[in-house]
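Naming: A, B, ... by sequence-line order, numbering from 1 per chain.
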Amino acid sequence: MTMRVSVPTDFRLLPTIFSHGWCSLPPFHVEKNREALELVVALSSNHFAQVRVTQSYRTLIINSNSSKKLGKADRQYVVATVRSCLRIDEDLSGFYDEAKRHARFRWIPKIKAGRLLRAPTVFEDVVKMICTTNCSWALTEIMVENLCSKLGNQFDGKYSFPTPDAIADRSEKFLRKEIRAGYRSPYLLKLSRKIVKKEIDLESWRNSSLPTAELFSEIRSVKGIGPYAAGNILKLLGRYDYLGIDSWCRKRFFEIHKNGRTTSDKVIERFYEPFGTWRGLFFWMDVTKSWYGQKFPL
DNA sequence: GCGTCCAGGTCTACC
DNA sequence: GGTAGACCTGGACGC
(Lines give C-alpha, C1' and ligand atoms only; values in the text may rest on other atoms or scores of the structure.)
Protein backbone atom coordinates (compact mmCIF):
# COMPACT_ATOMS: atom_id res chain seq x y z
CA MET A 1 0.00 0.00 0.00
CA THR A 2 1.33 3.45 -0.91
CA MET A 3 0.50 6.72 0.82
CA ARG A 4 1.65 10.20 -0.12
CA VAL A 5 2.23 13.16 2.20
CA SER A 6 3.02 16.76 1.29
CA VAL A 7 5.94 18.26 3.19
CA PRO A 8 6.83 21.90 3.90
CA THR A 9 9.39 23.63 1.70
CA ASP A 10 11.98 23.60 4.50
CA PHE A 11 11.81 19.81 4.92
CA ARG A 12 14.30 17.38 3.41
CA LEU A 13 14.32 13.68 4.20
CA LEU A 14 18.02 12.81 4.03
CA PRO A 15 19.37 15.39 6.52
CA THR A 16 16.57 14.32 8.85
CA ILE A 17 17.41 10.61 8.55
CA PHE A 18 21.09 11.22 9.25
CA SER A 19 20.56 13.90 11.90
CA HIS A 20 21.94 11.56 14.58
CA GLY A 21 22.54 7.91 15.36
CA TRP A 22 18.93 6.74 15.72
CA CYS A 23 18.73 5.79 12.02
CA SER A 24 21.23 2.99 12.61
CA LEU A 25 19.37 1.54 15.59
CA PRO A 26 16.53 -0.94 14.97
CA PRO A 27 13.67 -0.92 14.20
CA PHE A 28 14.95 1.97 12.03
CA HIS A 29 16.96 0.89 9.02
CA VAL A 30 18.50 2.88 6.20
CA GLU A 31 18.67 1.24 2.79
CA LYS A 32 22.07 0.75 1.18
CA ASN A 33 21.44 3.47 -1.40
CA ARG A 34 20.86 5.71 1.67
CA GLU A 35 17.73 7.27 0.21
CA ALA A 36 15.00 5.41 2.09
CA LEU A 37 14.20 5.07 5.77
CA GLU A 38 12.52 1.91 6.99
CA LEU A 39 10.70 1.60 10.30
CA VAL A 40 8.24 -0.71 12.02
CA VAL A 41 4.96 0.83 13.19
CA ALA A 42 3.02 -0.97 15.92
CA LEU A 43 -0.66 -0.68 15.00
CA SER A 44 -2.21 -2.89 17.67
CA SER A 45 -1.40 -6.03 19.58
CA ASN A 46 0.52 -8.35 17.25
CA HIS A 47 -0.29 -6.16 14.24
CA PHE A 48 2.57 -4.27 12.68
CA ALA A 49 3.35 -2.44 9.50
CA GLN A 50 6.75 -2.34 7.87
CA VAL A 51 7.09 1.13 6.44
CA ARG A 52 9.49 2.48 3.81
CA VAL A 53 9.76 6.25 3.36
CA THR A 54 11.29 8.09 0.40
CA GLN A 55 10.99 11.67 -0.84
CA SER A 56 10.17 12.98 -4.29
CA TYR A 57 10.28 16.75 -4.41
CA ARG A 58 7.69 18.01 -1.87
CA THR A 59 6.06 14.63 -1.41
CA LEU A 60 6.90 11.81 0.98
CA ILE A 61 6.11 8.40 -0.44
CA ILE A 62 5.19 5.89 2.27
CA ASN A 63 5.05 2.24 1.27
CA SER A 64 3.73 -0.11 3.90
CA ASN A 65 3.64 -3.87 4.19
CA SER A 66 1.58 -5.49 6.94
CA SER A 67 0.24 -8.87 8.01
CA LYS A 68 -3.32 -7.77 7.25
CA LYS A 69 -4.88 -5.07 5.11
CA LEU A 70 -4.68 -1.60 6.63
CA GLY A 71 -7.96 0.09 7.38
CA LYS A 72 -8.46 3.85 7.18
CA ALA A 73 -7.57 4.34 10.85
CA ASP A 74 -4.41 2.25 10.45
CA ARG A 75 -3.33 4.26 7.39
CA GLN A 76 -3.90 7.50 9.28
CA TYR A 77 -1.86 6.16 12.20
CA VAL A 78 1.03 5.15 9.92
CA VAL A 79 1.08 8.61 8.34
CA ALA A 80 0.86 10.33 11.74
CA THR A 81 3.74 8.19 13.04
CA VAL A 82 5.94 9.01 10.05
CA ARG A 83 5.11 12.72 10.41
CA SER A 84 6.06 12.58 14.09
CA CYS A 85 9.30 10.62 13.60
CA LEU A 86 10.47 13.00 10.87
CA ARG A 87 9.26 16.11 12.78
CA ILE A 88 7.42 17.30 9.66
CA ASP A 89 4.99 19.49 11.59
CA GLU A 90 7.64 21.14 13.76
CA ASP A 91 8.05 24.85 13.04
CA LEU A 92 11.77 25.56 12.69
CA SER A 93 11.32 29.00 11.08
CA GLY A 94 12.66 30.75 14.20
CA PHE A 95 15.70 28.49 14.18
CA TYR A 96 16.37 29.10 10.49
CA ASP A 97 15.91 32.87 10.89
CA GLU A 98 18.50 32.83 13.67
CA ALA A 99 20.85 30.60 11.62
CA LYS A 100 20.74 33.05 8.70
CA ARG A 101 22.01 35.78 11.01
CA HIS A 102 25.27 33.87 11.64
CA ALA A 103 27.70 33.12 8.80
CA ARG A 104 28.88 29.88 10.37
CA PHE A 105 25.30 28.53 10.51
CA ARG A 106 23.91 29.62 7.14
CA TRP A 107 24.57 26.13 5.79
CA ILE A 108 21.77 24.75 7.99
CA PRO A 109 18.73 26.32 6.28
CA LYS A 110 20.54 26.00 2.94
CA ILE A 111 20.51 22.19 3.11
CA LYS A 112 17.29 22.08 5.16
CA ALA A 113 18.87 20.35 8.14
CA GLY A 114 17.90 20.68 11.81
CA ARG A 115 15.05 18.22 12.20
CA LEU A 116 16.14 15.43 14.56
CA LEU A 117 14.81 11.95 13.87
CA ARG A 118 12.86 10.48 16.77
CA ALA A 119 11.20 7.16 17.56
CA PRO A 120 7.46 6.54 17.28
CA THR A 121 7.15 6.68 21.08
CA VAL A 122 8.82 8.64 23.88
CA PHE A 123 9.36 5.31 25.64
CA GLU A 124 11.52 4.08 22.77
CA ASP A 125 13.51 7.33 22.72
CA VAL A 126 14.07 7.20 26.49
CA VAL A 127 15.13 3.54 26.56
CA LYS A 128 17.52 4.09 23.66
CA MET A 129 18.93 7.21 25.33
CA ILE A 130 19.64 5.24 28.53
CA CYS A 131 21.38 2.67 26.33
CA THR A 132 23.72 5.39 25.00
CA THR A 133 24.96 6.34 28.47
CA ASN A 134 28.40 5.39 29.71
CA CYS A 135 29.30 3.05 26.86
CA SER A 136 30.55 2.91 23.30
CA TRP A 137 28.17 3.28 20.34
CA ALA A 138 28.91 -0.37 19.49
CA LEU A 139 27.51 -1.44 22.85
CA THR A 140 24.45 0.78 22.37
CA GLU A 141 23.79 -1.04 19.09
CA ILE A 142 24.14 -4.42 20.80
CA MET A 143 21.71 -3.49 23.59
CA VAL A 144 19.05 -2.09 21.23
CA GLU A 145 19.38 -4.99 18.80
CA ASN A 146 18.96 -7.43 21.69
CA LEU A 147 15.94 -5.54 23.01
CA CYS A 148 14.24 -5.79 19.61
CA SER A 149 15.20 -9.35 18.69
CA LYS A 150 14.58 -10.85 22.15
CA LEU A 151 11.64 -8.79 23.40
CA GLY A 152 10.09 -7.28 20.28
CA ASN A 153 7.56 -8.85 17.93
CA GLN A 154 8.73 -10.40 14.70
CA PHE A 155 7.08 -9.68 11.37
CA ASP A 156 8.53 -10.75 8.04
CA GLY A 157 12.07 -10.96 9.38
CA LYS A 158 11.95 -7.59 11.15
CA TYR A 159 11.43 -6.86 14.82
CA SER A 160 9.44 -4.13 16.51
CA PHE A 161 10.73 -2.24 19.52
CA PRO A 162 9.54 -3.93 22.74
CA THR A 163 6.60 -2.52 24.64
CA PRO A 164 6.94 -1.51 28.31
CA ASP A 165 5.01 -4.67 29.21
CA ALA A 166 7.49 -6.88 27.36
CA ILE A 167 10.40 -5.44 29.35
CA ALA A 168 8.47 -5.28 32.64
CA ASP A 169 7.70 -9.00 32.43
CA ARG A 170 11.40 -9.93 32.40
CA SER A 171 13.87 -10.21 35.25
CA GLU A 172 16.87 -8.01 35.96
CA LYS A 173 19.03 -11.07 35.37
CA PHE A 174 17.57 -11.47 31.86
CA LEU A 175 18.27 -7.84 31.00
CA ARG A 176 21.82 -8.14 32.28
CA LYS A 177 22.67 -11.43 30.60
CA GLU A 178 20.57 -11.45 27.43
CA ILE A 179 20.24 -7.75 26.61
CA ARG A 180 23.74 -6.90 27.90
CA ALA A 181 22.30 -3.81 29.58
CA GLY A 182 24.56 -4.23 32.62
CA TYR A 183 23.93 -1.87 35.51
CA ARG A 184 21.28 -0.09 33.37
CA SER A 185 19.04 -3.16 33.75
CA PRO A 186 17.31 -2.12 37.01
CA TYR A 187 16.72 1.35 35.52
CA LEU A 188 15.01 -0.08 32.41
CA LEU A 189 13.02 -2.51 34.51
CA LYS A 190 11.86 0.11 37.02
CA LEU A 191 10.84 2.52 34.26
CA SER A 192 8.92 -0.13 32.32
CA ARG A 193 7.08 -1.35 35.42
CA LYS A 194 6.11 2.20 36.41
CA ILE A 195 4.65 2.72 32.93
CA VAL A 196 2.71 -0.55 33.12
CA LYS A 197 1.33 0.48 36.53
CA LYS A 198 0.48 3.92 35.05
CA GLU A 199 2.65 5.63 37.65
CA ILE A 200 4.37 7.63 34.89
CA ASP A 201 3.23 8.73 31.43
CA LEU A 202 6.20 9.39 29.18
CA GLU A 203 4.04 10.03 26.10
CA SER A 204 2.52 13.09 27.80
CA TRP A 205 5.93 14.77 27.65
CA ARG A 206 5.47 15.53 23.94
CA ASN A 207 2.51 17.80 24.66
CA SER A 208 3.51 18.94 28.13
CA SER A 209 2.64 22.49 29.14
CA LEU A 210 5.37 22.50 31.79
CA PRO A 211 8.15 25.08 31.47
CA THR A 212 11.24 23.40 30.03
CA ALA A 213 13.18 23.59 33.31
CA GLU A 214 10.38 21.73 35.11
CA LEU A 215 10.10 19.14 32.34
CA PHE A 216 13.88 18.70 32.52
CA SER A 217 13.56 17.98 36.27
CA GLU A 218 10.75 15.49 35.63
CA ILE A 219 12.85 13.68 33.02
CA ARG A 220 15.81 13.68 35.44
CA SER A 221 13.61 12.00 38.05
CA VAL A 222 13.78 8.80 35.97
CA LYS A 223 16.64 6.69 37.36
CA GLY A 224 19.45 6.36 34.86
CA ILE A 225 18.80 9.72 33.20
CA GLY A 226 21.29 12.44 34.02
CA PRO A 227 21.97 15.85 32.46
CA TYR A 228 23.28 14.45 29.17
CA ALA A 229 20.35 12.09 28.59
CA ALA A 230 17.70 14.57 29.76
CA GLY A 231 19.07 17.34 27.53
CA ASN A 232 18.94 15.11 24.49
CA ILE A 233 15.49 13.70 25.30
CA LEU A 234 14.28 17.30 25.47
CA LYS A 235 15.60 17.87 21.94
CA LEU A 236 13.49 14.93 20.75
CA LEU A 237 10.50 16.58 22.44
CA GLY A 238 11.10 19.78 20.48
CA ARG A 239 12.79 21.78 23.22
CA TYR A 240 16.34 22.94 22.69
CA ASP A 241 17.20 24.89 25.86
CA TYR A 242 19.72 22.31 27.12
CA LEU A 243 22.91 21.18 25.40
CA GLY A 244 23.06 17.53 26.51
CA ILE A 245 26.86 17.44 26.42
CA ASP A 246 28.64 14.09 26.18
CA SER A 247 32.31 13.24 25.75
CA TRP A 248 32.09 13.11 21.93
CA CYS A 249 30.39 16.52 21.67
CA ARG A 250 32.85 17.96 24.17
CA LYS A 251 35.77 16.72 22.07
CA ARG A 252 34.25 18.10 18.85
CA PHE A 253 33.68 21.48 20.50
CA PHE A 254 37.32 21.63 21.63
CA GLU A 255 38.50 20.74 18.11
CA ILE A 256 36.27 23.29 16.41
CA HIS A 257 36.51 26.22 18.79
CA LYS A 258 39.54 25.74 21.04
CA ASN A 259 42.23 24.19 18.81
CA GLY A 260 41.83 20.97 20.79
CA ARG A 261 42.36 22.67 24.14
CA THR A 262 39.99 21.46 26.85
CA THR A 263 37.68 23.73 28.83
CA SER A 264 34.88 23.25 31.32
CA ASP A 265 31.27 22.62 30.32
CA LYS A 266 30.40 26.06 31.67
CA VAL A 267 32.53 27.58 28.89
CA ILE A 268 30.64 25.51 26.31
CA GLU A 269 27.31 26.59 27.78
CA ARG A 270 28.31 30.25 27.72
CA PHE A 271 29.38 29.91 24.06
CA TYR A 272 25.86 28.90 22.97
CA GLU A 273 23.92 31.09 25.41
CA PRO A 274 23.35 33.86 22.81
CA PHE A 275 21.23 31.41 20.80
CA GLY A 276 18.53 31.42 23.49
CA THR A 277 16.00 28.62 23.42
CA TRP A 278 17.56 27.22 20.21
CA ARG A 279 21.02 26.81 21.78
CA GLY A 280 20.83 23.02 22.13
CA LEU A 281 20.07 22.62 18.45
CA PHE A 282 22.81 25.06 17.39
CA PHE A 283 25.24 23.13 19.58
CA TRP A 284 24.29 19.82 17.97
CA MET A 285 24.40 21.16 14.42
CA ASP A 286 27.74 22.80 15.13
CA VAL A 287 29.46 19.61 16.31
CA THR A 288 27.90 17.43 13.56
CA LYS A 289 28.42 19.78 10.62
CA SER A 290 31.12 17.54 9.12
CA TRP A 291 28.60 14.71 8.74
CA TYR A 292 26.57 16.80 6.31
CA GLY A 293 29.68 17.91 4.47
CA GLN A 294 30.40 14.27 3.66
CA LYS A 295 26.89 13.25 2.72
CA PHE A 296 25.32 16.46 1.43
CA PRO A 297 27.71 18.78 -0.42
CA LEU A 298 26.95 22.33 0.72
C1' DG B 1 44.54 -16.56 24.63
C1' DC B 2 44.71 -14.20 28.86
C1' DG B 3 45.00 -10.35 32.05
C1' DT B 4 44.96 -5.42 32.69
C1' DC B 5 43.61 -0.86 31.80
C1' DC B 6 40.60 2.67 30.02
C1' DA B 7 36.49 5.23 28.35
C1' DG B 8 31.84 6.21 28.75
C1' DG B 9 27.27 8.93 32.16
C1' DT B 10 24.84 8.34 36.36
C1' DC B 11 24.02 7.20 41.14
C1' DT B 12 25.07 7.31 45.95
C1' DA B 13 27.56 8.48 49.93
C1' DC B 14 30.21 11.69 51.95
C1' DC B 15 32.25 16.19 53.06
C1' DG C 1 27.00 22.19 46.02
C1' DG C 2 30.99 19.60 44.90
C1' DT C 3 33.62 15.26 44.73
C1' DA C 4 35.06 10.28 44.87
C1' DG C 5 34.09 5.75 43.92
C1' DA C 6 31.22 2.14 42.04
C1' DC C 7 28.60 0.39 38.29
C1' DC C 8 29.38 -2.76 33.50
C1' DT C 9 31.00 -3.61 28.99
C1' DG C 10 33.85 -3.75 24.82
C1' DG C 11 38.04 -2.63 22.95
C1' DA C 12 42.95 -1.71 23.04
C1' DC C 13 47.14 -3.17 24.58
C1' DG C 14 50.99 -5.92 26.47
C1' DC C 15 52.64 -10.33 27.48
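OP1 or OP2 of C/dG10 has at least one side-chain nitrogen or oxygen of A/Arg180 nearer than 4.0 Å. The shortest distance between the side-chain N/O atoms of A/Arg220 and the OP1/OP2 oxygens of B/dC11 is below 4.0 Å. Phosphate contact (OP1/OP2 of B/dG9, side-chain N/O of A/Thr132, threshold under 4.0 Å): absent. Using a 4.0 Å cut-off, some side-chain N or O of A/Arg176 falls inside it from OP1 or OP2 of C/dC8.
The CG-P distance, from A/Leu139 to C/dC7, rounds to 17 Å in whole Å. Between A/Met143 atom CE and C/dT9 atom P the separation is 9 Å, expressed in whole Å. In this entry the distance linking OH of A/Tyr183 with P of B/dC11 reads 9 Å, nearest Å. Regarding A/Asp265, its CG atom lies at a distance of 13 Å from the P atom of B/dG8, rounded to whole Å. The separation between A/Trp137 atom CH2 and C/dT9 atom C1' is 16 Å, rounded to whole Å. The nearest whole Å value for the distance from the CD atom in A/Glu178 to the P atom in C/dC8 is 17 Å. Taking atom CZ of residue A/Arg184 and atom P of nucleotide B/dT10, one finds them 11 Å apart after rounding to whole Å. For the pair A/Tyr228 OH and B/dG8 C1', the computed distance is 10 Å after rounding to whole Å.
Considering A/Phe275, A/Trp278, A/Trp291, A/Phe253 in turn, A/Trp291 is the only one that fulfils the ring-ring contact (aromatic ring centres under 6.0 Å, His included) rule with A/Trp284.
A heavy-atom distance below 4.5 Å is not found between the side chains of A/Arg115 and A/Leu86.
Using modelled atom types and a 3.5 Å distance limit, the side chains of A/Thr2 and A/Asn63 yield a donor-acceptor pair. Side-chain contact, A/Thr59 with A/Arg4: no donor N or O sits under 3.5 Å from an acceptor N or O. Of the N and O atoms on the side chains of A/Asn232 and A/Tyr242, not one donor lies less than 3.5 Å from an acceptor on the other residue.
For A/Lys251 and A/Gly224, each mapped to the nucleotide of DNA chain B holding its nearest heavy atom, the one lying further toward the 5' end belongs to A/Lys251. Judged by closest nucleotide on DNA chain C, A/Asn134 is the one of A/Asn134 and A/Ala138 placed further toward the 5' end. Nearer the 5' end of DNA chain B, as judged by each residue's closest nucleotide, is the contact made by A/Ser136, out of A/Ile225 and A/Ser136.
Relative to the side chain of A/Lys223, the nucleotides B/dT12, B/dT10, B/dG8 differ in distance, and B/dT12 lies closest. Distance from the side chain of A/Pro227 is smallest to B/dT10 among C/dC8, B/dT10, B/dC11.
Taking the six-membered ring for Trp, A/Phe155 and A/Phe48 have ring centres at least 6.0 Å apart. Separation of the A/Phe282 and A/Phe95 ring centroids falls under the 6.0 Å cut-off.
Comparing the local axis fitted to the first five base pairs of the helix from B/dG1-C/dC15 to B/dC15-C/dG1 with the one fitted to its last five gives a bend of 30°, rounded to 10°.
Within the 4.0 angstrom heavy-atom criterion, only backbone atoms of the sugar-phosphate kind lie near A/Ala229; the bases stay farther away.
Side-chain atoms of A/Ser64 do not come within 3.5 Å of backbone N or O of A/Ala49 as any donor-acceptor pair.
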